[in-house]
Amino acid sequence: MSGSFQNDDLVIQRIMKTTRTIALVGASKNPARPSNHVMSTLQDMGYKVIPVNPGLAKQGVILHGEKVYADLDSVTSEYPSIDMVEVFRRSQDAGQFVDEAIKIGAKSVWLQVGVIDEDAGKRAVSAGLDCVMNACPLIEGPRLGISGPDENANL
């Protein structure tokens, strides 16, 4: 990738159609937070969304019917196949989660609106992951006519 990272509609479509299981890093129990709304809406669309937040995990919180995990390694102890890691963290923190996504064998990383880390995006793509940056699946899905996972999509 040379220059600025550019999202690719074909990559977004592939991610949204083939993804079944999402680890959402930066999950919040506060209903006013975007991560809370995005999590519940993605669930409504048919995705399995697993919340990741060390503070909430320590408290034993259940969020939208799902156990909250402290980190991505903990998620993979119960869910060995994570399709997408969605990151709701500051840009300066995103790289560590992209590296963890690579380590656990995720198929893609999605950095939410306002989350930009060009170097992490390059590492993800170099490792064979699809990458979307500075975008929201609740905006991109409807824009591309995608309402959830495609049961006929090749996994």
Side-chain angles (χ1 to χ4, degrees), residues 1 3-29 31 33-53 63-69 71-76 78-91 93-155:
M1 280 188 285
S4 294
F5 181 89
Q6 294 291 316
N7 290 322
D8 180 325
D9 283 352
L10 293 175
V11 170
I12 292 170
Q13 289 174 331
R14 179 171 55 241
I15 292 171
M16 293 196 71
K17 288 180 178 181
T18 62
T19 290
R20 303 288 184 275
T21 306
I22 300 169
L24 192 146
V25 176
S28 174
K29 67 179 181 179
R33 299 295 302 240
S35 64
N36 185 290
H37 172 70
V38 169
M39 179 179 173
S40 65
T41 303
L42 287 171
Q43 287 176 317
D44 291 344
M45 292 170 69
Y47 298 98
K48 172 82 169 172
V49 185
I50 303 154
V52 179
N53 179 310
L63 186 59
H64 299 298
E66 296 291 340
K67 173 183 170 183
V68 179
Y69 292 82
D71 54 40
L72 291 173
D73 278 335
S74 300
V75 172
T76 59
E78 290 186 45
Y79 298 94
S81 180
I82 301 300
D83 298 314
M84 178 173 89
V85 173
E86 183 167 11
V87 180
F88 274 91
R89 294 295 305 266
R90 293 177 295 206
S91 295
D93 298 331
Q96 103 183 48
F97 300 106
V98 170
D99 292 338
E100 287 181 34
I102 294 166
K103 179 182 164 209
I104 66 164
K107 296 173 186 159
S108 65
V109 289
W110 190 300
L111 306 184
Q112 261 297 326
V113 173
V115 183
I116 301 166
D117 185 331
E118 302 265 342
D119 290 335
K122 289 176 186 175
R123 289 194 305 275
V125 171
S126 292
L129 280 69
D130 283 331
C131 181
V132 176
M133 197 178 303
N134 192 27
C136 179
L138 303 190
I139 295 169
E140 297 303 312
R143 180 180 70 81
L144 297 170
I146 301 167
S147 58
D150 181 348
E151 297 304 321
N152 298 314
N154 292 330
L155 302 177

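Both backbone and side-chain heavy atoms feed into the values below; hydrogens, waters and symmetry mates do not.
- Contact check for R89 versus Q96: no side-chain heavy atoms found under the 4.5 Å cut-off.
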### Message
Quick one, E78 with K67, criterion side-chain contact (heavy atoms from CB on, under 4.5 Å). Give me CA distance, side-chain angles, the key distance, then yes/no.
### Response
CA-CA 11 Å; E78 290 186 45; K67 173 183 170 183; 3.0 Å; yes
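- Between D130 and D8, every side-chain heavy-atom pair lies at or beyond the 4.5 Å cut-off.
- Between H64 and N36, the shortest heavy-atom contact is NE2-OD1, 3.0 Å.
- Using a 4.5 Å heavy-atom threshold, the side chains of V87 and V109 count as separate.
- Side chain to side chain, D71 and S74 meet the donor-acceptor criterion of an N or O pair below 3.5 Å.
- Atoms CE and OG, on M45 and S147 in that order, are 6.5 Å from each other to the nearest 0.5 Å.
- Scanning all heavy atoms of the two residues, the minimum distance from N134 to G114 falls at OD1-N, 2.6 Å.
- Considering every non-hydrogen atom in both D117 and S91, the closest pair reads OD2-O, 3.9 Å.
- The shortest heavy-atom contact between A106 and V85 is CB-CG2, 3.9 Å.
- Not one N or O on the side chain of Q112 forms a donor-acceptor pair closer than 3.5 Å with the backbone of E86.
- Distance CD1/I146 to CD/Q13: 5.0 Å, rounded to 0.5 Å.
- Rounding to the nearest 0.5 Å places OH of Y69 at 10.0 Å from OG1 of T76.
- With S35 contributing its side chain and S28 its backbone, the two residues share a donor-acceptor pair below 3.5 Å.
- Remark: the backbone N or O of M133 is paired with a side-chain donor or acceptor of N7 at under 3.5 angstrom.
- Of all heavy-atom pairs spanning Y47 and T19, the tightest one is CE2-O, 3.4 Å.
- Atom CG of L10 and atom CG of L144 lie 9.0 Å apart (nearest 0.5 Å).
- A donor-acceptor pair is defined here as one N or O able to donate and one able to accept, closer than 3.5 Å; no such pair exists between the side chain of Y79 and the backbone of I22.
- A distance of 11.5 Å separates CD1 in I102 from CG in L72, rounded to the nearest 0.5 Å.
- T41 places no side-chain N or O within donor-acceptor distance of the main-chain N or O of V38, the cut-off being under 3.5 Å.
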### Task
Evaluate the criterion side-chain contact (heavy atoms from CB on, under 4.5 Å) for residue pair E100 and V25; output intermediate values, then yes/no.
CA-CA 11 Å; E100 287 181 34; V25 176; over 6 Å; no
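- Panel note: side chain W110, backbone L24; no donor-acceptor pair is recorded below 3.5 Å.
- Separation of atoms CD1 (I12) and CZ (R143) is listed at 5.5 Å; rounding is to 0.5 Å.
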### Query
Would D119 and V98 count as a side-chain contact (heavy atoms from CB on, under 4.5 Å) if you check the C-alpha gap in whole Å, the side-chain angles of each, and the deciding distance to 0.1 Å?
CA-CA 10 Å; D119 290 335; V98 170; over 6 Å; no
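- No donor-acceptor distance shorter than 3.5 angstrom exists from the side chain of N53 to the backbone of G26, with no hydrogens or angles considered.
- Although no hydrogens or angles enter the test, the distance criterion places a donor-acceptor pair under 3.5 Å between the side chain of D83 and the main chain of R20.
- Among all heavy-atom pairs drawn from E140 and A135, the shortest one is CG-CB, 4.0 Å.
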